[in-house]
Amino acid sequence: MKFKTRGLILREQNIGERDKLVWMLTDSHGILRAFVRGAKNIKSPKCAGTGLLSYAALSVFEGRDSYSVDEAQALEQFIGLRRDIVNMSLAQYFCELCLHLCPTGQEAREHLRLILNSLYLLSRRKRPPEQIKICFEMRLITLCGYMPDLVMCAECGVYESPEMVFVPHTGKLYCAACADRLGIQGARLPIASVTALRHTVYADFERLFSFELKEELLAPLSLATERYVATMTQKDYPTLQFYKSMLQA
């Protein structure tokens with residue numbers, strides 16, 4: 001059976017001298033692993049459309065126990081990312097998260113939309129990279145069933161206080177007074193950071209990346225969100241460690 005879909009290439013693996021395997025996030029079938037014949041030939045029309053981080057219109061053949069890409073027309077290749085190793089490494093972290101979290105064999109339009117918008121903003125430098133990372137992590141983890149409870153303090157019910165504590169291993173939020181009284185450890189965040197964190201989870205998608213936060217507040221919030229993702233998924237991400245090493249280089 002053959003079907004048409006659109007998808008983003010998240011990972012590629014060379015097979016012999018001419019062919020490769022690709023892992024892609026598609027709008028109609030979620031994560032697919034597919035064989036691409038002749039994809040390494042630069043004259044092949046499938047070469048550009050099945051390269052890493054290519055977003056393409058795809059014609060896919062579904063066999064008994066495997067998929068293969070028959071046609072691929074590149075729609076966007078995020079060229080700007082390939083000129084910046086730091087942003088490229090962050091993009092690969094996004095890809096690793098999608099490979100681990102996104103559904104397989106079922107519709108994943110919102111997941112695809114999220115990573116495409118994130119890559120666009122990253123490649124065009126429309127937002128600070130750490131802000132894009134925070135938005136991507138929290139909205140993806142929410143889409144995949146791990147929504148944190150950020151509405152109010154989990155103990156006393158207060159909506160906001162000058163400082164609040166986000167607990168990555170539970171996804172709960174506490175006012176500073178309750179956290180101190182109960183001995184709760186977590187990321188201590190000023191209310192501006194808490195407002196931004198709530199925005200990443202609860203805002204309409206069209207406004208997801210629109211918040212503003214002082215540069216010095218982005219790094220501690222980013223650390224809190226990556227710890228939440230790692231705890232909820234019970235996994236460490238090598239691409240994240242590589243990205244952080246690039247930041248320090």
Side-chain angles (χ1 to χ4, degrees), residues 6-14 20-27 30-34 36 39 47-58 72-104 108-144 200 205 208-211 215 218-219 221-223 225-230 233 235-249:
R6 293 190 175 199
L8 177 73
I9 307 302
L10 303 175
R11 179 184 169 195
E12 57 183 352
Q13 176 184 323
N14 292 332
K20 65 181 178 181
L21 278 171
V22 296
W23 286 254
M24 50 195 180
L25 176 59
T26 66
D27 56 5
I31 300 291
L32 290 181
R33 188 182 74 161
V36 192
C47 180
T50 58
L52 182 64
L53 294 181
S54 289
Y55 173 55
L58 304 158
Q73 179 183 358
L75 302 173
E76 175 61 63
Q77 294 182 289
F78 303 105
I79 299 300
L81 291 176
R82 304 170 199 277
R83 304 190 188 106
D84 187 322
I85 188 172
V86 177
N87 283 350
M88 185 65 173
S89 64
L90 180 55
Q92 290 181 315
Y93 169 54
F94 294 169
C95 290
E96 187 178 11
L97 281 179
C98 284
L99 284 168
H100 185 67
L101 285 169
C102 292
T104 299
R109 285 178 174 80
E110 288 302 304
H111 307 73
L112 180 59
R113 183 187 185 194
L114 175 62
I115 190 170
L116 289 175
N117 277 266
S118 300
L119 295 179
Y120 171 80
L121 293 173
L122 193 60
S123 66
R124 301 294 179 91
R125 301 176 184 269
K126 297 284 189 179
R127 296 286 188 277
E130 288 295 289
Q131 180 177 342
I132 298 170
K133 172 182 172 290
I134 290 164
C135 292
F136 181 82
E137 287 171 326
M138 295 308 294
R139 186 53 63 101
L140 182 67
I141 203 77
T142 295
L143 284 173
C144 296
T200 66
F205 185 86
L208 174 60
F209 300 94
S210 66
F211 68 85
E215 185 177 352
L218 286 172
L221 182 57
S222 177
L223 181 60
T225 60
E226 70 190 41
R227 285 177 175 171
Y228 179 64
V229 170
T233 60
K235 177 177 169 59
D236 293 323
Y237 296 90
T239 50
L240 174 60
Q241 300 310 313
F242 181 73
Y243 166 65
K244 295 175 82 168
S245 71
M246 289 295 99
L247 287 177
Q248 298 168 2

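A donor-acceptor pair is defined here as one N or O able to donate and one able to accept, closer than 3.5 Å; such a pair exists between the side chain of R139 and the backbone of T200. Using a distance-only test at 3.5 Å, with no hydrogens or angles considered, no donor-acceptor pair links the side chain of S54 to the main chain of T50. Proximity of a side-chain donor or acceptor of S245 to a complementary backbone N or O of F242 within less than 3.5 Å is detected. Checked by atom type and distance alone, the side chain of Q131 never pairs as donor or acceptor with a backbone atom of L218 at under 3.5 Å. At distances below 3.5 Å, not a single donor-acceptor pair connects side-chain atoms of R125 with backbone N or O atoms of G80. Panel note: side chain E76, backbone F78; a donor-acceptor pair is recorded below 3.5 Å.
Heavy-atom neighbours of R227 CZ from other residues, nucleotides or ligands within 6.0 Å: at or below the threshold of 12. E215 CD: 12 or fewer foreign heavy atoms inside a 6.0 Å radius. Heavy-atom neighbours of K235 NZ from other residues, nucleotides or ligands within 6.0 Å: above the threshold of 12. Heavy-atom contacts from other residues, nucleotides or ligands closer than 6.0 Å to CD of Q73 number 12 or fewer.
Two residues are said to be in side-chain contact when any heavy atoms from C-beta on lie closer than 4.5 Å; L247 and E130 meet this criterion. Between E137 and Y228, every side-chain heavy-atom pair lies at or beyond the 4.5 Å cut-off. Taking the side chain as every heavy atom from C-beta outward, L8 and H111 never approach each other to under 4.5 Å. Side-chain atoms of L240 and K133, non-hydrogen and from C-beta on, do get closer than 4.5 Å to each other.
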Inset, instruction - List the steps, then state whether side chain to side chain contact (heavy atoms under 4.5 Å, CB included) holds for V36 with E12. - result: CA-CA 10 Å; V36 192; E12 57 183 352; over 6 Å; no
Legend entry - M88 and L52: CA distance, side-chain angles, deciding distance, side chain to side chain contact (heavy atoms under 4.5 Å, CB included) verdict: CA-CA 11 Å; M88 185 65 173; L52 182 64; 4.1 Å; yes
Inset, instruction - Begin from the C-alpha positions of C135 and F211 and carry the test side chain to side chain contact (heavy atoms under 4.5 Å, CB included) through to its verdict. - result: CA-CA 10 Å; C135 292; F211 68 85; 3.3 Å; yes
Legend entry - side chain to side chain contact (heavy atoms under 4.5 Å, CB included) assessment of Q92 paired with Y243: CA-CA 9 Å; Q92 290 181 315; Y243 166 65; over 6 Å; no
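Rounded to the nearest 0.5 Å, atoms CZ (F209) and CG (L114) are 5.5 Å apart. Here the CD1-CZ distance, from I132 to R127, works out to 8.0 Å after rounding to the nearest 0.5 Å. The NZ atom of K244 lies 13.5 Å from the CE atom of M246; values are rounded to the nearest 0.5 Å. Interatomic distance, D84 CG to L122 CG, rounded to the nearest 0.5 Å: 7.5 Å. Here the CG-OG distance, from L140 to S118, works out to 9.0 Å after rounding to the nearest 0.5 Å. With rounding to the nearest 0.5 angstrom, the CG atom of L10 is 6.0 Å from the SG atom of C98.
Between G30 and A108, the closest heavy-atom pair is CA-CB, 3.8 Å. Minimum interatomic distance between I79 and R83 (heavy atoms only, all atoms of both residues): CG2-NH2, 3.4 Å. The two residues G49 and I9 come nearest to each other via the heavy atoms O-CG1, 3.9 Å. P129 and N87 make their closest contact through CG-OD1, 3.6 Å (heavy atoms, listed as atom of the first residue, atom of the second, distance). Here the closest non-hydrogen pair linking R82 and Q77 is NH2-O, 2.9 Å. The two residues T233 and H100 have their closest heavy-atom pair at O-NE2, 3.8 Å.
Checked against side-chain contact (heavy atoms from CB on, under 4.5 Å), R113 has the following partners two or more places apart in sequence or in another chain: E110, N117, F205, E206. Under the ring pair (Phe, Tyr, Trp, His ring centres under 6.0 Å) criterion, F94 pairs with F136, sequence neighbours left out.
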